[in-house]
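Worksheet: one structure, shown below.
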Amino acid sequence: KKFEESPLPHQKATMGDGQTVLERAVLQHNVLAASRVYKNMRLPDLGLLLEVPAERAERIAAKMIAEQRLVGYIDQRTGIIHFDMGDENLQVWDRHIRNVCNQVNSVLFKVKELSAMSDG
């Protein structure tokens, strides 16, 4: 009861979609928090996390992405939201991929050498 009385009048204002400014801020904060914890998640799971229907969770996230307040994308075909991993994680991922490719090239080179030796 005490918490309900603590928001300022402008925080209690109801927006066009029926939610208060405070409710919207809390939902958007929780979407951002989820984006820092998860790489991706199903929209129904995001809805459960936010305690709203999946469709509403999708609308909230889509609006945040459109307004560039959330980096990611929504795959509507699979119903999954993908959060951007950030440049640092992407660079680490690129280094791992480059390392694997170099190892594969090294193995292929050795196979060719051994193949040439057995043919010759």
Side-chain angles (χ1 to χ4, degrees):
K1 183 76 177 160
K2 199 170 192 174
F3 177 76
E4 290 176 0
E5 297 168 0
S6 65
L8 300 173
H10 74 277
Q11 294 171 325
K12 295 178 187 178
T14 303
M15 308 299 288
D17 58 4
Q19 68 188 77
T20 66
V21 173
L22 181 59
E23 289 170 336
R24 178 179 287 174
V26 169
L27 287 170
Q28 291 177 351
H29 166 79
N30 289 343
V31 170
L32 287 172
S35 76
R36 288 174 173 82
V37 175
Y38 300 99
K39 291 180 186 178
N40 58 55
M41 65 189 321
R42 295 180 29 231
L43 290 169
D45 294 333
L46 179 61
L48 285 173
L49 186 69
L50 300 177
E51 298 180 352
V52 299
E55 296 78 21
R56 186 169 175 200
E58 180 179 5
R59 282 194 309 272
I60 293 166
K63 184 174 183 183
M64 292 177 70
I65 291 169
E67 294 172 348
Q68 297 181 346
R69 292 184 296 123
L70 175 66
V71 181
Y73 66 93
I74 298 172
D75 184 336
Q76 291 181 321
R77 187 178 55 79
T78 61
I80 295 176
I81 182 168
H82 298 267
F83 303 111
D84 184 22
M85 296 186 332
D87 287 342
E88 183 179 314
N89 289 337
L90 192 56
Q91 290 172 3
V92 169
W93 177 255
D94 284 346
R95 281 195 301 270
H96 287 298
I97 295 295
R98 192 176 315 117
N99 186 32
V100 168
C101 289
N102 287 336
Q103 289 176 4
V104 168
N105 284 340
S106 177
V107 168
L108 287 173
F109 180 75
K110 288 180 182 180
V111 167
K112 277 185 173 181
E113 280 184 340
L114 291 173
S115 177
M117 287 170 49
S118 67
D119 290 343

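Note that this is a predicted model, so its numbers are computed, not measured. The figures here come from the full heavy-atom set of this structure, side chains too, leaving out hydrogens, waters and symmetry mates.
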Under 4.5 Å between side-chain heavy atoms, counting indirect links through other Ile/Leu/Val/Met/Phe/Trp/Tyr residues: same cluster for Val71 and Leu32 or not? no
Could you check whether any side-chain heavy atom of Phe83 comes within less than 4.5 Å of a side-chain heavy atom of Met41, counting everything from C-beta outward? yes
Side-chain heavy atoms nearer than 4.5 Å, only ILVMFWY residues, links allowed to pass through others: does that put Leu46 and Leu48 together? no
From CA spacing to verdict: side chain to side chain contact (heavy atoms under 4.5 Å, CB included), Leu43, Ile74: CA-CA 9 Å; Leu43 290 169; Ile74 298 172; 3.9 Å; yes
Determine whether Arg56 and Leu27 make a side-chain contact, defined as any pair of heavy atoms from C-beta on separated by less than 4.5 Å. yes
Val37, Met64: one ILVMFWY side-chain cluster at the under-4.5 Å cut-off? yes
Check whether Val31 and Tyr38 end up in the same hydrophobic cluster, where Ile, Leu, Val, Met, Phe, Trp and Tyr are linked by side-chain heavy atoms less than 4.5 Å apart. yes
More than 12 foreign heavy atoms under 6.0 Å from CD of Glu67: is that the case here? yes
To the nearest 0.5 Å, tell me how far Glu58 CD sits from Ile65 CD1. 9.5 Å
Distance check, rounded to the nearest 0.5 Å: Gln103 atom CD versus Leu108 atom CG? 12.0 Å
Is there a side-chain contact between Leu70 and Gln28 (heavy atoms, below 4.5 Å)? no
To the nearest 0.5 Å, atom CG of Asp45 lies from atom CD1 of Ile81 at 12.0 Å
For atom CD of Glu113, decide whether the heavy atoms of other residues, nucleotides or ligands shown that lie under 6.0 angstrom number more than 12. yes
Do Met117 and Val111 share a hydrophobic cluster, counting only Ile, Leu, Val, Met, Phe, Trp and Tyr and linking them when any side-chain heavy atoms are less than 4.5 Å apart? no
Which atom names give the shortest non-hydrogen contact between Pro44 and Gly79, and what distance separates them? CD-O, 4.3 Å
